[in-house]
Amino acid sequence: MARLYMNIDINSYVCPFLNTVLEQENVYPEMLWPFVDIYRSTQVTDVLFDIFCQLSATPSSCIGTLGGLCRWGTENGIEDSFLNMHRCYQLIYERWQIDPFQVWIDRCRENGQNPWISVRMNDCHPFALLKHEKIDSFLKKALANGWTLGDDYGYFGKCFDYSVKEVRDLMLSYIREQLSRYDVYGIELDFMRECQCFRYLTADMKACTEIMNQFMRDVKQIVSDCEKIHGHPIRILVRVMRDYEHTTFYGFDPACWAREKLVDIINPTPRWTGGDSGIPVAEWKALLPGVEVAAGIETAVNYAPDRGMGYATAEIVRGLAAGYLAAGSDGVYFFNYFVNSDAPYRTFDQHMLSAHPYIRNMEVLSGCADLESIYKRGVRFAVIPQAGEGFAKYPPMWQPLPAKLGKEAQSFAITTGPIPKSKRAMLIVGIEGLDAPDADVRVNGKSCTKWEKINLAYIPGIGMQTGNYVSGETRCYGCVVDADDLGALTQEIEIKTGHENAVLTWLELAAV
């Protein structure tokens, strides 16, 4: 089985859990165990705890903390809802003298799972804009001194500029402090919150890349020092952009890190709104000999923005995982797939549970570490393009869809690995401006002729699904494909038509 990594972010599920525990009359460390015990029945091998996003969830002498934010928040006019959510970080440490992360790290080891700490290297969520004089926020100093990217970078303008020594020194000090404090299996440097660490619109990016390479050397030295403290190796995982070109564009040089043995695991991943079925795992493996690759899966598809963000169903997630594993990924990495367990402190309404991502998340975390587990249930191999994220500038993005169709055949490759012959396979296409029966569609050279209308909200053999991946203008059709013809690593689909205004907006192979 492959390694299965799961990142638990700093607040979304940690805070609701801790706040519920803190409703009890007395609080003991054992009461925090359910938060990680819920993963004992899954295939999760590695649990990564996010402890930092411009403010620290843990005590720190380097930078401001979420506990300190809540202590001074009432004087800063911060919204009560925000304070109420994060006050757990003040109470758990100050009132009960319990370090929840230490409790969870120890419990993960008891459960046979590897505990990590994860540091968001350049997060810029809105709460980081708080500038009250009593809140010890490095951001205040950075804003005053021009150490952030600035207005030209839009939402990301409050990101730190890593060409500034003071910024790098702060992050290195924090990493040393926290890695000295916590005896963990590894540390994650999460550069997907955010990857924009330099003023790439105007900066000398060659020089910036060398600055980042030296930063990684400094991190490696800190890790080596802390290995001596804790008496065992500590692994380094770095979360980067989905492909090598995009990663190097923003000033990162994973090939250098591999040559100098500065990193153990690379996690190429979408940033947020896209599932991105095209992460080039084989290319990453070839470029980084000796480094493990764990392809990342985000929680959303967001294929049809006019219909709002669509969460990836378990079937689509299994398709992404199967494709990555078939391409040689050493592991599968999940971001925003954490599960909250308030039990035994709260009783859930069963209807709420069934509608909550909890159900999907537990399903995928329990069955995505190997192809045998994946194929025990339905699988959807959907072509999901790279999503734009509002960056000030992008290199060319991987966006095979939407595709204008015409007399020349358009070819699409879907990496699946050999689909078991016991599965019933169906090609599903979504087309605007044309009915599928009027197009010439072939799978691995064989024509698809017997089409039926398909509603993506209900896939035959699978059942109810999230249906907002396509716009209302898209007509979807399915054609059964002989699984005997799907034994290759990659399935080739060709589509052509004599109609000039037809656009392919959805494409998938479903195996049930």
Side-chain angles (χ1 to χ4, degrees), residues 2-10 12 44-48 50 53 116 118-123 156 186-197 235-252 254 257-258 263-285 287-288 291-302 309 311-312 316-325 327-338 361 364-365 368-369 382 384-391 394-395 397-399 415:
R3 300 275 287 274
L4 198 159
Y5 301 85
M6 187 194 61
N7 180 296
I8 300 178
D9 86 5
I10 200 166
S12 297
V44 172
T45 59
D46 295 73
V47 182
L48 298 89
D50 173 25
C53 48
W116 298 63
S118 173
V119 178
R120 293 189 175 186
M121 301 302 292
N122 211 358
D123 206 341
F156 305 96
I187 182 169
E188 175 186 46
L189 309 183
D190 183 357
F191 279 111
M192 291 304 290
R193 295 292 190 274
E194 302 289 349
C195 68
Q196 300 189 67
C197 293
R235 307 198 87 196
I236 300 174
L237 182 154
V238 184
R239 207 162 82 97
V240 295
M241 290 288 283
R242 52 92 63 191
D243 63 34
Y244 193 77
E245 179 184 5
H246 283 76
T247 299
T248 55
F249 179 85
Y250 293 107
F252 302 94
W257 307 346
V263 62
D264 299 292
I265 305 162
I266 283 287
N267 167 221
T269 180
R271 179 186 172 271
W272 164 229
T273 55
D276 199 337
S277 61
I279 292 176
V281 173
E283 179 183 340
W284 279 108
K285 296 281 289 183
L287 288 168
L288 306 180
V291 175
E292 294 179 27
V293 174
I297 300 177
E298 252 291 0
T299 192
V301 174
N302 199 37
M309 185 177 73
Y311 283 97
I316 283 181
V317 174
R318 283 193 288 271
L320 291 169
Y324 296 148
L325 292 175
S329 188
D330 299 295
V332 180
Y333 181 109
F334 287 101
F335 199 87
N336 285 322
Y337 282 83
F338 30 75
N361 294 354
V364 300
L365 295 176
C368 281
I384 306 174
Q386 179 185 0
E389 299 285 0
F391 290 5
Y394 257 126
M397 292 193 291
W398 183 77
Q399 291 184 322
T415 301

Exercise: identify the closest heavy-atom pair between [X] and [Y]:
| X | Y | answer |
| --- | --- | --- |
| P270 | I279 | CD-CD1, 3.8 Å |
| L325 | C368 | CD1-O, 3.7 Å |
| N361 | F338 | ND2-O, 3.0 Å |
| A258 | V263 | N-CG1, 4.4 Å |

Next item on the list: Output all residues satisfying side chain to side chain contact (heavy atoms under 4.5 Å, CB included) with A322, sequence neighbours left out; order by chain, then residue number.
Entry: L371, I374, F381
How many angstroms lie between [atom1] in [X] and [atom2] in [Y], if you round to the nearest 0.5 Å?
| X | Y | atom1 | atom2 | answer |
| --- | --- | --- | --- | --- |
| D243 | W284 | CG | CH2 | 7.0 Å |
| S12 | N336 | OG | CG | 6.5 Å |
| I236 | E188 | CD1 | CD | 12.0 Å |
| I297 | I316 | CD1 | CD1 | 11.0 Å |
| I265 | Y5 | CD1 | OH | 3.5 Å |
| Q196 | F156 | CD | CZ | 5.0 Å |

Check: Could R239 and F335 be counted as a cation-pi pair, given that NZ or CZ must be under 6.0 Å from the ring centre and within 45° of the axis?
Finding: yes
Next item on the list: Answer yes or no: is there a donor N or O on one side and an acceptor on the other, between the side chain of R242 and the main chain of G278, under 3.5 Å?
Entry: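 Side chain of R242 to backbone of G278, a donor-acceptor pair under 3.5 Å: yes, one is there.
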Item checked: Positive for salt bridge (charged side-chain N to carboxylate O under 4.0 Å, His left out) with R3, one of D264, D330, D46 ->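 So the option named by the test is D46.
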Margin query: I want to know whether F191 and Y250 have ring centres closer than 6.0 Å.
Written below: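 Not close enough - the centres of the two rings lie 6.0 Å or further apart.
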Notebook entry, point to check: Hey, mind stepping through Y333 and L48 against side chain to side chain contact (heavy atoms under 4.5 Å, CB included) and telling me if it holds?
Noted result: CA-CA 10 Å; Y333 181 109; L48 298 89; 4.2 Å; yes
Item checked: Those residues that, when tested against E298, pass salt bridge (charged side-chain N to carboxylate O under 4.0 Å, His left out) (two or more places apart) ->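 Result, salt bridge (charged side-chain N to carboxylate O under 4.0 Å, His left out) vs E298: R193.
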Item checked: R318: partners by salt bridge (charged side-chain N to carboxylate O under 4.0 Å, His left out), with sequence neighbours left out -> E315, E363
